[in-house]
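Structure, as structure tokens:
Since this is a predicted model, take the numbers as computed values, not measurements. Side chains are part of it too, since the values below use all heavy atoms of this structure and drop only hydrogens, waters and symmetry mates.
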Amino acid sequence: MRENTKPLRVGVIGCGNISDTYFTNGPLLQDIDYIACADLRPEAARSKAAAYGIEAMEVDALLARDDLDVILNLTIPAVHAETSLRILDAGKHVYTEKPLALSLAEVDAMEAAAAARGLRIGTAPDTFLGPAQQQARALVDAGTIGEVVTGLATVLSHGMEDWHPSPDFFYRKGGGPVLDMGPYYIASLVNMLGPVTRVQASGRIGRRTRLVTADGPLKGQSIPVETFTTLNALLSFESGAEITFLASWDVANSDLRPIELHGTKGTLRICDPNDFGGIIAQGDLVGGFTEIDTSTRAFGANNRLWLGEFPFSCYRGLGLAEMARAISEGRAHRCDTEFGRHVLEVMLAIETAAIEGRSLYINSRPKRPAAFTPEEAITFRAAQSVEVLP
């Protein structure tokens, strides 16, 4: 623990699948300490509490506690804003899973509530803080591939019903491939290229019902589809880059790369922005591609491990820990509502542009979050030893 600091005490609302990752990562990060959890299903809260050595409570009781500093909102997207507002009304900082909300009006209400109480709002995704995305940003910022002219970002799969035990909410309002997976891709692109200024898009529903085959309470049931399952967008950036974004849950298989940027001097291939690490590759005008594996190796001096080895290079919760430290230091945090609101505005514009068949201009112009260096990242480790690769 850093001298003269204490971790922020964290409560969790929502004990579904993603909560395990946050709870598992908690001991790796020194600025946060998970204390209690709650869920509308008491048995879910009790199960997580028993597994991770914390206290299970009812939601109202959790909100009423005076020994919690921040609440991690892991509810389903349809109630993200409602839950975040309850957390703020209870006088606590909030960090929410993506998307930040389902409308800009909801975000405005959240920001007003936070400002009135002197509280912070943070939002996933935080994967853009990881070594892969930060390495890619560093290469773009250094002009390694020249001015970025065009590129392609793709999130393509068969959908959620084959692996998620309760996939129905993915196909309701607030779901779909853009609002569910898009935050990772849009956040990554904005982190590297700056804000989006205009959106064009088309879309459709591939199948009106989905058969759930994953083990769980809905296995064998057909669930209705209420939102686009395929959206194709063109994103125009203030920097001048024109990026095509393909998002679909109607794809049996694909070999397209998650993100590829093409500049005046070369090309950059970037791994899945849903992960913190992975392989990126740089190609020039005359040669092949040079790969950089960021899964465990830092992208800077001394070949230091970034936060230490961890399965899948997954450090979900890092954005929450960075917000906790920013609060203690009295500075802005990186996964803030200015950034998250812009990502949401872009995603909503993609859906609206597809419905209305017209271009939409994006009003917000957030500053890019400050670069997250290996030297800073390593200070978030609960164990402060620095490992060196041979």
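A donor-acceptor contact shorter than 3.5 Å links the side chain of His93 to the backbone of Arg120. In terms of modelled atom types and a separation under 3.5 Å, the side chain of Glu106 and the main chain of Ser103 share a donor-acceptor contact. A side-chain donor-acceptor contact under 3.5 Å links Ser19 to the backbone of Gly16. Under a 3.5 Å cut-off, the side chain of Asp39 and the backbone N or O of Cys15 do form a donor-acceptor pair.
Atoms CG and CZ, from Leu28 and Phe380 in turn, are 13.5 Å apart once rounded to the nearest 0.5 Å. Here the straight-line distance linking atom OG1 of Thr75 with atom CZ of Arg86 works out to 10.5 Å at 0.5 Å rounding. Ile292 CD1 to Ile280 CD1: the interatomic distance, rounded to the nearest 0.5 Å, is 4.5 Å. With rounding to the nearest 0.5 Å, the separation of NE2 in His262 from CG in Leu268 is 10.0 Å. With rounding to the nearest 0.5 Å, the separation of CG in Leu189 from CZ in Phe237 is 4.5 Å. Atom CD1 of Ile355 and atom CD of Glu351 lie 6.5 Å apart (nearest 0.5 Å).
Taking the six-membered ring where tryptophan is involved, the planes of Phe170 and Trp163 are tilted, since the angle between them lies from 30° to 60°. Relative orientation of the Phe169 and His164 rings is perpendicular, given thresholds of 30° and 60° on the angle between their planes. The aromatic rings of Phe339 and Phe128 sit tilted, their planes meeting at an angle between 30° and 60°.
Annotation for Ile205: atom CD1 counts as buried by contact number, over 12 foreign heavy atoms lying within 6.0 Å. Arg204 CZ: 12 or fewer foreign heavy atoms inside a 6.0 Å radius. The number of heavy atoms from other shown groups lying within 6.0 Å of CD (Glu147) does not exceed 12. Counted within 6.0 Å of CD on Glu226, heavy atoms from surrounding residues, nucleotides or ligands total more than 12; the atom is thus considered enclosed.
Using a 4.0 Å cut-off between a side-chain N of Lys or Arg and a carboxylate O of Asp or Glu, Glu242 and Arg198 do not qualify as a salt bridge. Taking 4.0 Å as the cut-off between side-chain N and carboxylate O, Asp141 and Arg368 count as a salt-bridged pair. Contact check on Asp250 versus Arg210 returns a salt bridge, with a Lys/Arg side-chain nitrogen under 4.0 Å from an Asp/Glu carboxylate oxygen. A salt bridge is defined here as a Lys NZ or Arg NE, NH1 or NH2 lying under 4.0 Å from an Asp or Glu carboxylate O, and Arg9 with Asp33 fails to meet this definition. Arg325 has no carboxylate O lying under 4.0 Å from a charged side-chain N of Glu376, or vice versa, which leaves the two without a salt bridge. Salt bridge status for Asp89 with Arg117: present, with a side-chain N to carboxylate O gap under 4.0 Å.
Of all heavy-atom pairs between Lys265 and Leu285, the closest is O-CG, 3.6 Å. Shown here for Leu231 and Ala354, the closest heavy-atom pair between the two residues is CD2-CB, 3.5 Å. What you find for Pro366 and Pro195 is that their closest heavy atoms are CD-CB, 3.8 Å. Closest approach of Glu375 and Ile378 over heavy atoms only: O-CG2, 3.4 Å. The nearest pair of heavy atoms linking Ala36 to Met57 is CB-SD, 4.0 Å. The minimum heavy-atom distance linking Leu88 with Ala113 is given by the pair CD1-CB, 4.1 Å.
If you check the side chains of Arg137 and Asn191, you find a donor sitting under 3.5 Å from an acceptor. In this model, no donor atom of one side chain and acceptor atom of the other lie less than 3.5 Å apart for Asp275 and Tyr184.
At a threshold of 4.5 Å between non-hydrogen side-chain atoms, the residues Glu345 and Asn363 count as touching.
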Worksheet entry | Candidate pair Asp126 and Tyr315, rule side-chain hydrogen bond (donor to acceptor under 3.5 Å, both in side chains), full reasoning | CA-CA 9 Å; Asp126 54 5; Tyr315 301 99; over 6 Å; no
Worksheet item: Given Leu104 and Leu344, is the side chain to side chain contact (heavy atoms under 4.5 Å, CB included) satisfied, shown in steps?
Response: CA-CA 8 Å; Leu104 298 183; Leu344 178 63; 4.1 Å; yes
Worksheet entry | side chain to side chain contact (heavy atoms under 4.5 Å, CB included) between Phe228 and Val178, worked out | CA-CA 9 Å; Phe228 286 122; Val178 167; over 6 Å; no
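Placement of Leu152 and Val155 in two distinct hydrophobic clusters is found when ILVMFWY residues are connected by side-chain heavy-atom separations under 4.5 Å, directly or transitively. The hydrophobic cluster containing Val251 does not contain Ile350, counting ILVMFWY residues as joined when their side-chain heavy atoms lie under 4.5 angstrom apart, directly or transitively.
Cation-pi geometry between Arg269 and Phe289 is met: the NZ or CZ atom falls under 6.0 Å from the ring centre, inside 45° of the normal.
Exactly one of His342, Glu338, Arg341 qualifies for a side chain to side chain donor-acceptor pair (under 3.5 Å) with Ser364. That residue is His342. The only member of Asn73, Ile71, Ile13, Leu74 that meets side-chain contact (heavy atoms from CB on, under 4.5 Å) when paired with Thr96 is Asn73.
Between Tyr22 and Tyr95, the distance separating the two ring centers is not shorter than 6.0 angstrom.
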